[in-house]
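For reference, the structure discussed in these notes is given below.
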Protein chains: 2
Amino acid sequence: MASDATDLRVLKTRAAIQSHFLGLLLQKNFNEITVKDIASAAKIGRGTFYLHYEDKYNLLETVVKEGLAETVGKFRPHEYFTDDKVVPTRIVGFALTIFQHFKKNDRFFRAMLFNEGIPMFRHRMQSLFLAKFRKEIQQVHLPPQKADPLMLEILPIFISSAMIGLVSWWFENQMRISDREMAERIFLIVTRGPLKALGLGFQDEPNKKSPHGM
Amino acid sequence: MASDATDLRVLKTRAAIQSHFLGLLLQKNFNEITVKDIASAAKIGRGTFYLHYEDKYNLLETVVKEGLAETVGKFRPHEYFTDDKVVPTRIVGFALTIFQHFKKNDRFFRAMLFNEGIPMFRHRMQSLFLAKFRKEIQQVHLPPQKADPLMLEILPIFISSAMIGLVSWWFENQMRISDREMAERIFLIVTRGPLKALGLGFQDEPNKKSPHGM
DNA sequence: ATGCTATTGAACACTGTGTTCATTAATTAT
DNA sequence: ATAATTAATGAACACAGTGTTCAATAGCAT
């Protein structure tokens, strides 16, 4: 293992490997990428690769870890401003930071999200989202005696899954919708509920009795 | 390619291959499974494997395709009964069929959902969900002039992603919550909205003005 | 300028792949 | 039941990719 991480040669080869690796991931599946491919793309000897990474899985792990570490903490609830007033909630601003962060790290997320062969990336990303949403929901959740514990467990999962689905869809569609529009629709769904957000009342509910039997 | 799909020998070996393949998937990652592993688990010659499948990816594809084909059409909205009355919506019943189908095909979904190395399974499953939810939402969506088109596009993605997230979580937790309880919570979230479902009103909304500027 | 160390490139053994072929065994058709 | 048909076997083969080693060379640091 080439260890001196300050040596210019080391920095240069590692940067070359990681950058060209991302480039290859944008072209073909991780499965189909060989160490030979990476080495020749980065214009280094194949043996040199093994001086820095155990194998291509270890390289992937490194890249993913660094990419996600950079993602952590970037999702920050903040106030959201329209032309003249502050929208009275953190929700829109929160969603906004998420979309902006993804747009900024386009190359990384595109390589990771749409490459058949990077199995657990979405799963790991979801852990990040989940942790954030749990905190966020617990902060908003002021009156603790009223809440249903199961609901408290389920809701962050529901929302984080939904958000990841939306972000992925947004990416697939070349981000043709503005991040602001997306955030605003999410605000509507979250505050009014999916059904009412569509623009219609919920017709099948004749009375206010709770239908669930607990 | 051994072609006669009615020959008993063919049926037997294919069944053995697929069954032991699923078994292996429950034990280790798809990446780490070799054709030799599959052949020896199924107690057949390695060459025989290649008489039926091009490679292990082709086998996976076959198994996934059959498994998902069986899944299609199983998600059927229907009425939902509590002890004495019919809950006035299809939603709970719809969610219920989903959870029940997953419980019934435990082995298959467990192998597919939690194996690092089956990249696009969740994605393909989501396509199924998405199609169903699109239909369902369009059916409920009676007054067509009122709806926001972007919302109409986003909502099925939001909900199908959320549902898959919940089902996966449910699986990971050994399905310790009853399918009925899950369906009922989902009903609450969908009809009342995530925030109100938690048991609290939405405090930060002082007036009824729509905060989004479109 | 000199010592240090990262890189090189070729060689090596190894594992897994996918194909072939003659032989054996099981199934189907008569 | 017997013959004809066809699937399964297992060994052999060439091939591609892996991960390691080693002496020689290049580049960096002080």
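Residue numbers start from 1 in every chain, and the chains themselves are labelled A, B, ... in the order their sequence lines are given, proteins ahead of strands. Below, all heavy atoms of this structure are taken into account, side chains as well, without hydrogens, waters or symmetry copies.
- Closest-nucleotide positions on DNA chain C for Gly47(B) and Asp7(A) were compared, and the one nearer the 5' end corresponds to Asp7(A).
- Judged by distance alone, the side chain of Arg180(B) and the main-chain N or O of Leu96(B) form no donor-acceptor pair under 3.5 Å.
- Around NZ of Lys28(B), the count of heavy atoms belonging to other residues, nucleotides or ligands within 6.0 Å exceeds 12.
- Atoms CD (Glu32(B)) and C1' (dT17(C)) sit 18 Å apart, rounded to a whole Å.
- One can place CG of Asn31(A) at 13 Å from P of dT17(C), the figure rounded to the nearest angstrom.
- Of all nucleotides listed (dT18(D), dT9(D), dT7(C)), dT18(D) comes nearest to the side chain of Val35(A).
- For the pairing with Leu24(A), the side chain to side chain contact (heavy atoms under 4.5 Å, CB included) check across Ile38(A), Asn115(A), Thr34(A), Asn29(A) returns one residue only, Ile38(A).
- Dashed line: the shortest gap from a side-chain N or O of Thr48(A) to OP1 or OP2 of dT8(C) is under 4.0 Å.
- Each of Asp55(B) and Asp4(A) has a nearest nucleotide on DNA chain C; the 5'-most of these lies closest to Asp4(A).
- Nucleotide dT24(C) holds its P atom 18 Å from the CG atom of Leu51(B), rounded to whole Å.
- For Leu11(B) and dA8(D), the CG to P distance is 10 Å, given to the nearest whole Å.
- Distance Ile44(B) CD1 to dT24(C) C1': 17 Å, rounded to the nearest Å.
- In this structure, Thr34(B) does not reach the dT15(C) phosphate: none of its side-chain N or O atoms is under 4.0 Å from OP1 or OP2.
- Phosphate contact (OP1/OP2 of dA8(D), side-chain N/O of His52(B), threshold under 4.0 Å): present.
- If you measure from atom NZ of Lys36(A) to atom P of dG9(C), you get 14 Å, rounded to the nearest angstrom.
- A distance below 6.0 Å separates the ring centres of Phe129(A) and Phe75(A).
- At the phosphate of dG19(D), OP1 or OP2 sits under 4.0 Å from a side-chain N or O atom of Tyr50(A).
- The base of dG10(D) lies outside donor-acceptor range of the side chain of Arg46(B), with no N or O pair under 3.5 Å.
- Across the protein-nucleic acid pair, Lys12(A) atom NZ and dA26(D) atom C1' stand 10 Å apart, rounded to whole Å.
- If you measure from atom CG of Leu59(A) to atom C1' of dG19(D), you get 15 Å, rounded to the nearest angstrom.
- A donor and an acceptor atom sit less than 3.5 Å apart, one in the side chain of Arg9(B) and one in the base of dA26(C).
- When distances run from any side-chain atom of Leu8(A) to the nucleotides dT6(D), dA29(D), dT9(D), the shortest one goes to dA29(D).
- Side-chain atoms of Ser168(A) and Arg122(A) include a donor-acceptor pair closer than 3.5 Å.
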